[in-house]
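Encoded as structure tokens, the structure appears first; notes follow it.
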Amino acid sequence: MTISRRKFIRNAAATGVGAAFSPVMVPFAHARPIHSAADKIRVAAIGINSMGWADVNAVMKNPGVECVALCDVDRNVLDKRAAELAGKGVQVKTYGDYRRVLDNKDIDAVVIGTPDHWHCLMMAEACAAGKDVYVEKPIGNSIAECRAMVAAQERYKRVVQVGQWQRSQKHFRDAVDFVHAGKLGKVGLVKVWGYFNYGSPVAQQPDGIPPAGVDYGMWLGPATKRPFNSNRFHGSFRWFWDYAGGILTDWGVHLLDYAMLGMKAANTPKRISSSGSMLRNPGAETPDTMTALFEYEGFNIQWEHVIGYGAGIYNRQHGIAFLGENGTLILDRRGWEVVPYENRMEAVPFQNSSDNGLDEHARNFVEVIRSRSMGDLHAPIRAGADVAILAQMGNIAYRTGSTLHWNAPKGEFDVAAANKFITHEYHNGYKMPRV
């Protein structure tokens, strides 16, 4: 699949505000060649309130990388972050409109840490502008957006690293290697879970006015136009379908990713079902308690999350458990271990995590920017799309209340109501990148 540049230009013209692809963005025209380790990599960060800030700081730890610009729709955040860098002797340009960042020919790469509903458009436009991209997970807020982002990377051949940084942690890779070695015997179920206390409770709040310094229209971007509500803004936007997909697309893409890697599974389960409820967050939309089942041929992957209750399965707040005939491998961000079943195999004592996954992930991104060896990326765009699509499937099953069958050749469900959720509608004159 490819994205037609002519379609990009038509989309840009249709918006009237340059929200889609600008006709001046010729592929590679803005790309400054980076030939050696002596060449500076000039980076900008778009969306710097939370993970985007952590990401760009991790990227900056690498030799030869210079942060030259910051962009955020909240002037309060923008000024704060610029001052933090100035305190370290780093002077940057500041922008409130990401399009001006992409217009800057001196910027080689961008870090995108905005709310999820902006990821697709910004990443695709950045690729069209000749920028390499580090984009936060989940890559898209719909199945169609995930497809469009893969197509954009393939069309423009830019380096795109997805922020699934656990792919750069040694102990996660070691655990998957153990699963692949077959010592667990046949694995029939992979349990994946997250029991969290953040984001609870979300009480209902009245609509109000945006805080001073916030460009609320730009914050909404392609999302449905609504009055400002503090619940839908910093920190809690992910509990609303307009902008994100709740815990399942937040933590779920990190953890389900390793379930899929361990089982060598694609984003094509034969059946998807999901149920959930709102027990603690009456002011939110996405469920705070949820179970989703992805049925494959010969095994199942089960997702479970609860906000505000308990310590979690195996006394772990989050994790992945591969349940085999001979034993169970339990994996989380702290490390992994193997618990035998009826002495059918030797136990593996707890293996501690020994590296900083985010720093390693950023280092991998920088190395590939220099080498242009796309196959060396730890979390390429297709990997991000695979798990994001699986998470979207679980949410769609929940939202429709249906057990769904996925027709992989057609790329659709067997339930018409579910197919309506494949594409996330764009608003306010913005157009989704077309494949």
Side-chain angles (χ1 to χ4, degrees), residues 137-138 163-181 183-200 238 245-265 269 274 276 287-294 296 299-341 345 347-358 360-361 378-379 383 386-388 390-391 394:
K137 55 80 209 163
Q164 291 163 210
W165 52 263
Q166 289 168 176
R167 280 181 169 245
S168 292
Q169 280 200 292
K170 183 178 184 299
H171 81 274
F172 274 94
R173 297 195 299 270
D174 290 345
V176 165
D177 288 344
F178 190 96
V179 174
H180 291 171
K183 295 180 181 180
L184 296 175
K186 177 177 173 54
V187 175
L189 175 65
V190 185
K191 293 182 72 70
V192 190
W193 69 94
Y195 282 50
F196 303 108
N197 288 317
Y198 79 94
S200 178
R238 70 178 62 261
I247 291 287
L248 181 52
T249 60
D250 180 25
W251 268 85
V253 295
H254 277 306
L255 303 176
L256 287 168
D257 184 33
Y258 265 88
M260 296 170 72
L261 284 170
M263 300 306 294
K264 300 180 180 180
S274 182
D288 55 36
T289 302
M290 184 181 188
T291 300
L293 185 65
F294 306 95
Y296 290 84
F299 66 92
N300 293 337
I301 296 176
Q302 179 184 319
W303 165 262
E304 179 177 298
H305 76 247
V306 178
I307 296 177
Y309 289 93
I313 302 169
Y314 300 105
N315 201 32
R316 287 167 169 80
Q317 183 191 60
H318 69 274
I320 308 116
F322 296 88
L323 282 76
E325 295 171 311
N326 301 329
T328 297
L329 185 148
I330 307 164
L331 168 66
D332 65 11
R333 286 184 174 177
R334 297 178 304 157
W336 65 282
E337 64 182 312
V338 175
V339 178
Y341 176 58
M345 63 181 297
V348 177
F350 189 75
Q351 309 292 304
N352 285 304
S353 172
S354 59
D355 52 11
N356 183 308
L358 181 56
E360 293 297 324
H361 211 49
H378 291 173
D386 282 347
V387 69
L390 191 75

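Throughout, numbering of the chain's residues begins at 1 and tracks the sequence.
Nearest heavy-atom pair across Asp288 and His305 is O-CD2, 3.4 Å. Scanning both residues, Gln166 and Tyr258, for their nearest heavy atoms gives O-OH, 3.0 Å. A pairwise comparison of heavy atoms in Asp355 and Gln169 identifies O-NE2, 3.1 Å as the closest pair. Minimum interatomic distance between Ala388 and Val253 (heavy atoms only, all atoms of both residues): CA-CG1, 4.0 Å. Nearest approach of Ala391 to Thr249, heavy atoms of both residues: CB-CG2, 3.9 Å. The heavy-atom pair separating Arg333 from Ser353 by the smallest distance is O-CB, 3.5 Å.
Cation-pi geometry between Arg238 and Trp251 is not met at under 6.0 angstrom from the ring centre and within 45 degrees of the axis.
The pair Arg316-Glu337 meets the salt-bridge criterion, with a side-chain N (NZ, NE, NH1 or NH2) lying under 4.0 Å from an Asp/Glu carboxylate O.
By the side chain to side chain contact (heavy atoms under 4.5 Å, CB included) test, Ala175 pairs with Leu329, Leu331, Trp336, sequence neighbours left out.
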Determine whether Arg167 and Leu261 satisfy the following criterion, side-chain contact (heavy atoms from CB on, under 4.5 Å), listing intermediate values before the conclusion. CA-CA 10 Å; Arg167 280 181 169 245; Leu261 284 170; 3.6 Å; yes
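Going from atom CG of Asp177 over to atom NZ of Lys170 covers 8.5 Å, rounded to the nearest 0.5 Å.
Looking only at side-chain heavy atoms (C-beta outward), Lys137 and Gln164 come within less than 4.5 Å of each other. In this structure, Phe322 and Met263 have side chains that are in contact, with non-hydrogen atoms separated by less than 4.5 Å.
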